[in-house]
Number of protein chains: 6
Amino acid sequence: MRADGRKWDEGRKVTVTTGFTKFAEGSVLIRCGDTVVLCNASVEDKTPPHVKPGWGWVTAEYSMLPRANRERSRRDVDKLKLSSRSAEIQRLIGRSLRAAVDREALGERTITIDCDVLQGDGGTRTASVTGGFIALALAVGKLRQQGLLERNPIIHYVAGISAGIVDDRAMLDLQYSEDSRAQVDLNCVMNERGEIIELQGTGEGRGFTVAEQQTLLQLCAKGNADLIAMEKEILGDII
Amino acid sequence: MRADGRKWDEGRKVTVTTGFTKFAEGSVLIRCGDTVVLCNASVEDKTPPHVKPGWGWVTAEYSMLPRANRERSRRDVDKLKLSSRSAEIQRLIGRSLRAAVDREALGERTITIDCDVLQGDGGTRTASVTGGFIALALAVGKLRQQGLLERNPIIHYVAGISAGIVDDRAMLDLQYSEDSRAQVDLNCVMNERGEIIELQGTGEGRGFTVAEQQTLLQLCAKGNADLIAMEKEILGDII
Amino acid sequence: MRADGRKWDEGRKVTVTTGFTKFAEGSVLIRCGDTVVLCNASVEDKTPPHVKPGWGWVTAEYSMLPRANRERSRRDVDKLKLSSRSAEIQRLIGRSLRAAVDREALGERTITIDCDVLQGDGGTRTASVTGGFIALALAVGKLRQQGLLERNPIIHYVAGISAGIVDDRAMLDLQYSEDSRAQVDLNCVMNERGEIIELQGTGEGRGFTVAEQQTLLQLCAKGNADLIAMEKEILGDII
Amino acid sequence: MRADGRKWDEGRKVTVTTGFTKFAEGSVLIRCGDTVVLCNASVEDKTPPHVKPGWGWVTAEYSMLPRANRERSRRDVDKLKLSSRSAEIQRLIGRSLRAAVDREALGERTITIDCDVLQGDGGTRTASVTGGFIALALAVGKLRQQGLLERNPIIHYVAGISAGIVDDRAMLDLQYSEDSRAQVDLNCVMNERGEIIELQGTGEGRGFTVAEQQTLLQLCAKGNADLIAMEKEILGDII
Amino acid sequence: MRADGRKWDEGRKVTVTTGFTKFAEGSVLIRCGDTVVLCNASVEDKTPPHVKPGWGWVTAEYSMLPRANRERSRRDVDKLKLSSRSAEIQRLIGRSLRAAVDREALGERTITIDCDVLQGDGGTRTASVTGGFIALALAVGKLRQQGLLERNPIIHYVAGISAGIVDDRAMLDLQYSEDSRAQVDLNCVMNERGEIIELQGTGEGRGFTVAEQQTLLQLCAKGNADLIAMEKEILGDII
Amino acid sequence: MRADGRKWDEGRKVTVTTGFTKFAEGSVLIRCGDTVVLCNASVEDKTPPHVKPGWGWVTAEYSMLPRANRERSRRDVDKLKLSSRSAEIQRLIGRSLRAAVDREALGERTITIDCDVLQGDGGTRTASVTGGFIALALAVGKLRQQGLLERNPIIHYVAGISAGIVDDRAMLDLQYSEDSRAQVDLNCVMNERGEIIELQGTGEGRGFTVAEQQTLLQLCAKGNADLIAMEKEILGDII
């Protein structure tokens with residue numbers, strides 16, 4: 001049994017508050033156990049220079065509040081540098097969410113998903129993907145309500161979760177106390193068909209076999225299926 | 001009557017959630033109408049070089065989340081610059097909270113108050129002072145519970161509120177729709193004796209007379225007295 | 001009596017050298033006691049994006065030379081950061097000077113007032129407002145001489161001075177030796193009608209009562225009236 | 001058949017020049033097809049603060065020369081920002097190379113692997129891992145020759161390669177012309193036992209199934225086995 | 001005799017590899033003894049704002065790889081500052097190469113010469129000028145081959161070399177072991193007529209007489225003549 | 001005859017105000033024609049890490065106030081970059097002033113010379129050297145008066161001046177209207193023996209012959225001799 005009484009293949013309890021802030025086109029506060037992320041989607045009617053004219057763009061920014069963790073960390077602006085970890089994570093979130101969208105159908109718009117971690121207890125990047133997807137869908141829903149889109153640009157549900165090996169035991173959705181001593185950590189973003197969008201695995205302290213990798217992937221598949229079911233419930237009327 | 005039905009001398013409804021995040025030594029989510037600020041107090045056992053040995057330090061950082069407002073703004077780290085507005089505000093908060101503390105009694109510790117605006121609807125700097133004071137007091141209370149302090153370093157209650165002149169009419173605690181067309185804006189931080197700690201007044205579009213300044217100050221005195229009564233209720237057992 | 005023999009309500013001797021540098025449209029070296037600030041006004045035929053088309057803009061930048069003070073300080077560019085204190089001060093100067101101007105009458109131009117402190121002995125921000133106003137008026141005068149303005153955009157005289165409480169005694173225009181041990185410090189910018197444009201008061205070490213605040217304000221009113229009389233003499237032919 | 005005549009499961013020709021520069025403790029110029037990376041390992045007798053006293057640290061920095069690619073890109077220092085892509089990649093390289101080392105056996109030393117891409121034609125990050133490992137091993141070999149290490153801190157051979165799906169066809173070691181239109185891209189770092197150290201997979205344009213992921217992993221396993229055979233040949237006398 | 005057996009007026013052996021990288025319009029790896037610099041010329045069809053419309057621009061960037069030297073140095077981007085030494089050097093290279101070009105004949109194009117020092121053993125700035133000139137000429141040659149230029153914009157051959165006084169003895173082309181204890185160091189860029197383009201002399205530890213300066217200049221003239229002869233051989237068919 | 005009536009070999013009128021500011025250990029306002037530079041020398045009792053223990057260090061910083069020139073330029077801190085031109089110049093000033101000092105005799109102290117250009121009309125870098133030397137000598141004089149130095153660390157007088165070729169005519173000490181169309185520009189720093197400390201020559205638009213270089217050098221020698229005579233008069237009692 002795990003520290004919080006969960007089974008090996010059991011994800012943490014997830015709760016989603018939509019409309020947590022009132023200005024963002026899509027606003028979601030997602031709690032996965034003690035991890036809390038505020039995901040706000042903002043729509044702008046322009047795109048960066050590298051985007052094909054007439055097409056849209058989806059991007060993400062990720063940051064931790066200074067006291068989201070056990071120790072206070074200095075703000076990025078104080079160091080004049082985006083932390084490398086944040087850079088890595090926000091690229092993952094951005095790629096994951098773009099996979100959910102038909103950018104031609106979105107039209108010449110940028111949707112930026114700001115993922116600000118209010119409290120971190122492991123799994124902040126995958127919580128950001130799941131929460132960020134819901135915020136994105138809400139923002140797109142608002143554009144559709146306003147009659148600004150001919151067809152629905154949301155083409156996939158997307159969710160993310162991690163699995164890992166702790167004390168040589170595979171388990172789903174590591175919390176911090178597990179994560180900090182994990183031997184292997186695998187983050188996986190999937191769509192509603194169970195197809196992989198993003199996969200990031202790291203052996204910390206030891207390598208892992210192809211068989212172990214498959215076990216972890218199956219755990220993630222189960223966890224992501226549950227998350228996508230939840231997304232469908234929340235977004236039922238909207239997408 | 002005002003847009004939200006308040007009287008001229010009536011502050012917005014304020015609610016305070018203590019313990020909003022679980023790692024900070026003091027954590028407060030303060031809502032003043034639609035303004036929402038997360039104030040986290042962090043204790044560290046060292047002080048900056050300019051502080052007298054054996055004495056403590058209290059400082060504040062202030063930031064708005066990118067989509068706290070009607071328009072999304074770029075992150076400071078993206079511009080590699082702390083916004084001048086944030087710099088001005090966090091200096092005000094820091095000075096205000098230091099006035100609440102006997103730094104010798106605090107001992108060689110730094111308490112940093114992070115004020116992150118989740119939603120901004122006017123009055124974010126004064127809400128940060130009020131919420132930041134409660135977070136500071138909670139953190140100090142924890143130090144006292146742990147028996148780390150000989151005497152209570154909190155020597156004053158401190159709260160902040162604004163008043164302004166809109167359409168040539170003085171009113172307390174401007175919300176954004178009032179603030180954005182105010183002719184005069186006065187922010188005032190006071191202690192439990194009604195003494196002024198910080199005063200910042202600006203004529204926007206026109207100057208204001210000494211008499212008008214006095215009227216605004218009286219409104220703030222009333223508002224701050226109510227806020228300090230609320231602080232006493234929340235902190236009763238702690239300070 | 002004060003260290004330099006001044007009376008409690010007496011400001012320091014102020015001297016103004018116009019045309020101190022020859023390229024700026026308005027150039028002023030202002031000396032308030034031992035505080036020396038070079039204020040240069042530069043006119044450009046464009047405005048920042050947030051300004052209404054056809055209207056003008058007035059802004060200020062403030063900086064201290066590295067050895068303006070008793071100790072040498074590192075340059076901002078060396079730290080890659082505008083000092084927070086400078087940010088706070090230049091926002092005050094900018095707001096103060098915009099209050100002097102009818103921006104519609106100025107037309108689509110930006111006037112930037114660079115206030116560089118060559119020597120600092122207390123009161124640099126208010127000396128910058130006073131000297132900056134004269135530089136601004138000189139630059140506007142040059143535009144008018146060139147027939148580029150239909151009507152005079154200078155609608156107010158503006159000056160700034162501080163007052164404070166030292167050893168429980170209120171006094172006008174603190175020099176550094178007084179300022180560094182002041183209990184209360186109040187900066188006030190006023191126009192020729194005695195109306196307040198900017199007010200910034202800080203209790204350092206203790207709060208101050210509403211009555212004390214009024215006393216300090218009266219001192220500032222007296223000091224600013226003298227400064228504006230001096231401005232009128234200097235600018236007589238120009239505005 | 002592929003554009004350059006390779007078979008689907010065939011990696012590009014790899015050549016390694018050791019001692020390419022003469023000052024670095026380990027210096028490798030690795031060419032994988034038209035991708036050319038200079039990997040220099042530098043040893044310093046100190047470690048960052050987060051490292052356990054007495055233990056060592058291995059870290060990597062990755063950068064592209066401005067004209068490594070078809071278009072010239074601005075230098076990071078010109079933008080005052082490490083590119084997010086470089087940040088992501090250098091974290092991957094660092095984690096991969098740390099997995100090769102017993103940091104206790106390394107002792108209180110930092111080995112920094114600088115991976116500078118002189119020419120980029122796809123697969124620069126995995127070429128950096130492979131070349132960086134050889135540079136690391138050469139630097140460790142030099143420490144051992146000098147009698148500074150009690151036992152060999154190199155505990156694994158490590159190599160990296162990518163596989164991808166292009167036109168719905170899985171293939172090993174994508175060059176740029178394939179990479180730029182790949183539907184799926186999987187980077188994999190493995191050790192000499194065929195265990196996974198790092199895994200990064202991305203669906204670009206579409207998701208990929210668990211079965212596809214396994215196919216790509218098998219391709220990488222084959223490619224990495226060949227690279228590790230090459231490493232053993234080069235390093236035979238040293239490790 | 002000198003450490004490496006050279007005569008006092010003998011330059012180091014220089015080898016030039018053209019086409020070292022394949023994407024740059026002009027690519028040169030220049031080796032002057034143990035100094036190795038990669039010089040890549042990139043052509044872009046636009047110019048900076050300060051350039052006369054219709055005219056071209058030539059500029060240079062200079063950087064050392066972190067482990068080009070005996071000690072590893074931090075990357076500029078890590079310090080968020082271009083090193084002052086690099087700034088000084090790239091201005092010298094840029095001025096030198098602009099002297100080789102009729103910018104009107106070049107047309108509205110920018111040619112950027114990136115000089116990245118792979119290994120530094122003294123004389124990197126002058127090696128960058130010589131190698132950079134060849135890269136520039138190759139890039140211009142490619143434009144001419146494509147029929148994009150009416151007349152040849154290369155109007156001069158340009159090369160650079162240093163001379164110095166070590167142990168009171170004048171000598172040509174100092175290597176690091178000489179350079180690091182030189183009393184006088186003179187860098188000189190010349191054209192094919194023996195005219196001076198750039199001259200930078202520094203007394204390190206002592207001043208130098210006008211006569212000594214002339215001796216050093218004559219040594220440089222000899223060295224540059226040899227370098228320009230080499231350039232003519234390499235570029236014979238191209239310019 | 002020249003625009004301002006000077007002869008070809010005649011320098012501009014130079015005036016030096018010592019003690020221009022009161023806090024710096026040495027403070028000089030130097031005017032060379034319309035060029036005005038404030039040179040402040042600050043003494044600190046510590047040295048940078050690269051300096052031999054027990055020895056001293058002399059360094060310089062150079063900056064132009066935003067409106068020192070005909071056009072306003074943005075502050076370096078606003079661009080988050082020291083301008084490359086300033087970097088180049090402050091390295092020249094620092095090397096020049098170190099040549100005046102026996103750093104062992106100075107003891108473990110750093111003297112920083114801040115050269116801030118209040119008005120620029122050509123020749124700011126050489127005016128900074130001349131003014132900076134006087135400020136340095138004044139600061140050293142103060143240390144000697146305080147009995148802190150066993151022997152005089154000033155071992156040379158140092159001054160700087162430029163000469164150039166305008167309309168194929170050599171002339172001394174170019175002012176801006178000459179400098180901006182000069183074909184050749186030579187800056188030269190010398191000591192009281194007429195030895196060269198720093199030499200920087202640039203052909204702008206054309207190369208220059210060795211003979212021309214000698215002519216310019218002789219002009220500079222004459223100009224520097226006059227400047228050093230002036231320095232001796234000012235510093236007579238001090239050094």
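Below, chains carry the letters A, B, ... as their sequence lines are ordered, and counting in each starts from 1. Quick caveat: nothing in here was measured; it's all calculated off a predicted structure.
Annotation: maximal heavy-atom pairing with chain E below 4.5 Å, among F/Ser96, F/Ala99, F/Gly201, occurs at F/Gly201. Residue with the most contacts toward chain E among F/Cys188, F/Gly207, F/Gly205: F/Gly207 (heavy-atom pairs, distance under 4.5 Å). Note: E/Gln213 leads E/Gln213, E/Gln218, E/Lys81 in heavy-atom pairs under 4.5 Å with chain F. For the set F/Gln200, F/Arg91, F/Arg85, the entry with the most heavy-atom pairs within less than 4.5 Å of chain E is F/Arg91.
Counting only heavy atoms from C-beta outward, the side chains of F/Glu195 and E/Val210 never approach each other to under 4.5 Å.
Using a 4.5 Å cut-off between heavy atoms, E/Ile197 contacts chain F through both its backbone and its side chain. Interface remark: E/Glu204 contributes no atoms to any contact with chain F (heavy atom separation under 4.5 Å).
F/Phe208 CZ to E/Glu198 CD: the interatomic distance, rounded to the nearest 0.5 Å, is 7.5 Å. Here the straight-line distance linking atom CG of F/Leu199 with atom CG of E/Leu216 works out to 10.5 Å at 0.5 Å rounding.
Of all heavy-atom pairs between E/Ser84 and F/Leu82, the closest is OG-CD2, 4.2 Å.
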Practice task
Could you walk me through whether F/Leu92 and E/Glu88 pass side-chain contact (heavy atoms from CB on, under 4.5 Å), step by step?
Solution key: CA-CA 10 Å; F/Leu92 166 72; E/Glu88 183 183 271; 5.8 Å; no

Problem - E/Ile196/F/Thr209 under side-chain contact (heavy atoms from CB on, under 4.5 Å): CA gap, chis, key distance, verdict - result: CA-CA 6 Å; E/Ile196 304 164; F/Thr209 64; over 6 Å; no

